[in-house]
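Notes follow the structure.
Just so you know, ligand 1 is whichever comes first in the structure, and atom 1 is the first atom listed for that ligand.
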Amino acid sequence: MRVLVTGAAGFIGSTTAELLLDEGHDVVALDDLSSGARANVPPRAHFVEGRCGDATLVEGLGPFDACVHFAGRIEPAISMERPEVFFDVNVAQTLQLLRALVEGGCPRVVFSSSAAVYGNQVAMPIDEDQPVSPESPYGESKLAIERALHWLCDRGRLRAASLRYFNAAGATPAHPERHAPEIHLIPLALDAALGRRDGLDLYGDDYPTHDGTCVRDYVHVSDLARAHSLAIAALADHRELVLNLGSGVGHSNREVIDAVRAVTGVDFAVRVAPRRSGDPAEAVASNDRARAMLGWTIEHASLEGIVADAFEARRNVA
Ligand SMILES: NC(=O)c1ccc[n+]([C@@H]2O[C@H](COP(=O)([O-])OP(=O)(O)OC[C@H]3O[C@@H](n4cnc5c(N)ncnc54)[C@H](O)[C@@H]3O)[C@@H](O)[C@H]2O)c1
C-alpha cells in the first residue's frame, strides 16, 4: 500500500513508519518539523516537509491507500494556556487534511486519539463504552476529530480507526522519545539519572492509590506501531473502529521511578511537589476491544523492559 504518515518525524510516527516500511509499504512521511526531528524520519521513506493542514500539498502527494495521522500538538498542560493553538493544529488543520484525503479518494484513515478524551474516570480499567469527558482543550481537540471521523464513516466517505493511546513509552534504538518540552515521566526520570537535569519533581504523593502516587498505563511504542498496521488491515472489514491502546496494567509514578533507578543504577533525587490540576489518580485501559478487533497482543509487558529500551535509545541522543 501507499501510506501517508503525518508526524513521521515524531516519536510514535517515526516508529510506525519504520514498521510499515519493514512490512513492504511505500511511506510518504509528512512533517513540518515544528517539534519532530528530521533525523527521526526513516531514510527509506519519502520525506516531505510541510503542514498536514496544507490540503493542496496533500492532494498533490496522493493518491494514498491509507493515511496514519500522528501530526499534532501533544501537551495537555500547554493546551490549558493556549487552546487556540491546539484547535488550529489538531482540529482545523486535521479537518483540512481529511478533506484532502476524501477528495483524493484515500479510503482508510488511522487517527492518533488519546485517553485524554475520557477525562477523570473513576471506574478502572477504562473501556470504550465509558463516557467521554475531556478535561483539557487537548482532549477536546482529539474528541472533535473522532466525531468528524464518525460522520465521514457514517456517510461512506472513508473508513477510520480512532486509536486512544494511553502512555506511549519505551523506544526502538533508532527512534528515541524526545519531546520539547519533555512532559513524560520516563524520559524525565532518565534525564535525571543521566545527569541532564537536576532530579525529578513528583507531583503529588497523596492520591488514593496503593502508594499515593498517580497510576498510569505504559504501552511500548513498538506495540503501538503494530496496532496501527493491524488497524489499516482491519479497515478492510470494518467501517469505523474506536479502540483503546494500553497495556491493561497500571504502574504508579513511584514504581516507574524505582524501575528507572534499577535499570540505570543511579539513585537520582526526587522532590515531592504539589498535585497538578487535572491529573487523574488513575488511568488504566481495558484493551479487550483492540485485542478482539485487531488480534492485537502486548509483546512488551515488563515495565523494566520498557524503561530499559527507552534508556538505550535516550542515552545516545543529546
Ligand atoms: N506520546 C503519547 O504518550 C501520546 C498519548 C496519546 C496520544 N498521542 C498522540 O499521538 C500523536 C503522536 O505523538 P508523539 O508522542 O509521537 O508526538 P511528537 O511530538 O513526537 O510527534 C508529533 C509530530 O507532528 C509534527 N507536527 C506537529 N504539527 C504538525 C503539522 N501541523 N503538520 C505536520 N506535522 C506536524 C511534529 O513536528 C512532530 O514530528 C499525537 O497526535 C499525540 O497527540 C500521544
### Query
Which of these, Ser141, Ser112, Gly72, has its nearest heavy atom closest to atom 22 (C) of ligand 1?
Gly72

### Task
Flag Gly36 as yes when one of its N or O atoms lies below 3.5 Å from any N or O atom of ligand 1, and as no otherwise.
yes

## Note on the structure
Atoms of ligand 1 under 4.0 Å from any heavy atom of Phe70, numbered from 1 in the order shown, are 11 (C), 12 (C), 40 (C), 41 (O)

### Query
Is His179 touching ligand 1 with its side chain, its backbone, both, or neither, if touching means heavy atoms under 4.0 Å apart?
side chain

### Task
Record the part of Glu177 in heavy-atom contact with ligand 1 below 4.0 Å; permitted values are side chain, backbone, both and neither.
neither

### Task
Tell me, with the steps shown, if Arg99 and Val102 meet side-chain contact (heavy atoms from CB on, under 4.5 Å).
CA-CA 5 Å; Arg99 203 191 77 194; Val102 169; 5.9 Å; no

### Message
If you apply the rule side-chain contact (heavy atoms from CB on, under 4.5 Å), what do you find for Ile186 with Tyr218, and how did you get there?
### Response
CA-CA 10 Å; Ile186 292 174; Tyr218 295 89; 3.8 Å; yes

### Summary
The closest protein heavy-atom partner of atom 8 (N) of ligand 1 is Tyr165 CD1, 3.4 Å

### Query
Looking only at protein heavy atoms, which one is nearest to atom 37 (O) of ligand 1, and how far off is it?
Asp31 OD1, 2.6 Å

### Closest protein heavy atom to atom 21 (O) of ligand 1, given as residue, atom name and distance to 0.1 Å
Gly10 CA, 3.3 Å

### Task
Any chance you could measure Ser162, atom OG, to Leu243, atom CG, to the nearest 0.5 Å?
8.5 Å

#### Entry: Closest to atom 32 (N) of ligand 1 (judged by heavy-atom distance), picking from Gly53, Ala9, Ala71, Cys52
Cys52

### Query
Closer than 4.0 angstrom: is that true for some heavy atom of Arg178 and an atom of ligand 1?
no

### Task
Check whether any heavy atom of Gly50 sits under 4.0 Å from an atom of ligand 1.
yes

### Query
Parallel, tilted or perpendicular: which fits the ring planes of His228 and Tyr165, with parallel below 30° and perpendicular above 60°?
perpendicular

### Message
Does Arg157, at its CZ atom, have more than 12 non-hydrogen atoms belonging to other residues, nucleotides or ligands within less than 6.0 Å?
### Response
no

### Query
Going by the atom numbers of ligand 1, which of them fall below 4.0 Å from some non-hydrogen atom of Gly7?
23 (C), 24 (O)

### Task
Check the pair Arg51, Asp31 against salt bridge (Lys or Arg N to Asp or Glu O under 4.0 Å), reporting the backbone distance first and the verdict last.
CA-CA 6 Å; Arg51 294 158 70 241; Asp31 200 298; over 6 Å; no

### Message
Tell me whether Ser113 reaches ligand 1 (any heavy atom closer than 4.0 angstrom to a ligand atom).
### Response
yes

### Task
Give the atoms of ligand 1, by number and element, whose distance to some non-hydrogen atom of Ser114 is under 4.0 Å.
6 (C), 7 (C)

### Query
Going through the distances and angles, do Thr56 and Asp54 end up as a side-chain contact (heavy atoms from CB on, under 4.5 Å)?
CA-CA 6 Å; Thr56 309; Asp54 185 340; 3.7 Å; yes

### Pair Ser247-Asp217, side-chain hydrogen bond (donor to acceptor under 3.5 Å, both in side chains): steps then yes or no
CA-CA 6 Å; Ser247 70; Asp217 181 326; 2.8 Å; yes

### Query
Where is the nearest protein heavy atom to atom 43 (O) of ligand 1: which residue, which atom, and how far?
Tyr138 OH, 2.6 Å

### Query
Less than 3.5 Å between some nitrogen or oxygen of Asp32 and one of ligand 1, yes or no?
yes

### Separation between CG of Leu245 and CG of Leu294, rounded to the nearest 0.5 Å
7.5 Å

### Message
Is it the case that atom CZ in Arg44 sees more than 12 heavy atoms from other parts of the structure closer than 6.0 Å?
### Response
yes

#### Entry: Residues Asp65, Arg2: salt bridge by 4.0 Å N-O rule
no

#### Entry: ligand 1 to Ala37 polar contact by distance, N or O atoms, under 3.5 Å
no

### Message
For ligand 1 and Ile74, I'd like to know whether there is a polar contact (N/O to N/O, distance under 3.5 Å).
### Response
no

### Query
So, Asp191 and Arg197, do they make that salt bridge, N to O below 4.0 Å?
no

### Message
Cation-pi check for Tyr138 against Arg73: NZ or CZ below 6.0 Å from the six-membered ring centre and within 45 degrees of the axis, yes or no?
### Response
no

### Task
Please assess Arg314 against Arg196 for the test side-chain contact (heavy atoms from CB on, under 4.5 Å), listing each intermediate value before the final yes or no.
CA-CA 11 Å; Arg314 195 164 184 86; Arg196 295 176 182 170; 4.0 Å; yes

### Lys142 and ligand 1 - part of the residue with a heavy-atom distance under 4.0 Å
side chain

### Query
How far is atom 27 (C) of ligand 1 from its nearest protein heavy atom, and which residue and atom is that?
Ser34 OG, 3.3 Å

### Message
Between Arg291 and Asp288, does any side-chain N to carboxylate O distance fall below 4.0 Å?
### Response
no

#### Entry: Those atoms of ligand 1 less than 4.0 Å from some heavy atom in Val89
28 (N), 31 (N)

### Query
Considering only protein heavy atoms, which is closest to atom 2 (C) of ligand 1, and at what distance to one decimal place?
Ala168 CB, 3.7 Å

### Message
Could you tell me, atom by atom, which parts of ligand 1 come under 4.0 Å of a heavy atom of Leu33?
### Response
37 (O)

### Query
Which residue owns the protein heavy atom closest to atom 20 (O) of ligand 1, what's the atom, and how far is it?
Phe11 N, 2.9 Å

### Query
Any nitrogen or oxygen of Ser35, main chain or side chain, under 3.5 Å from a nitrogen or oxygen of ligand 1?
yes

### Task
May I ask you to identify the nearest protein heavy atom to atom 31 (N) of ligand 1, giving residue, atom name and distance to one decimal place in Å?
Gln93 OE1, 3.0 Å

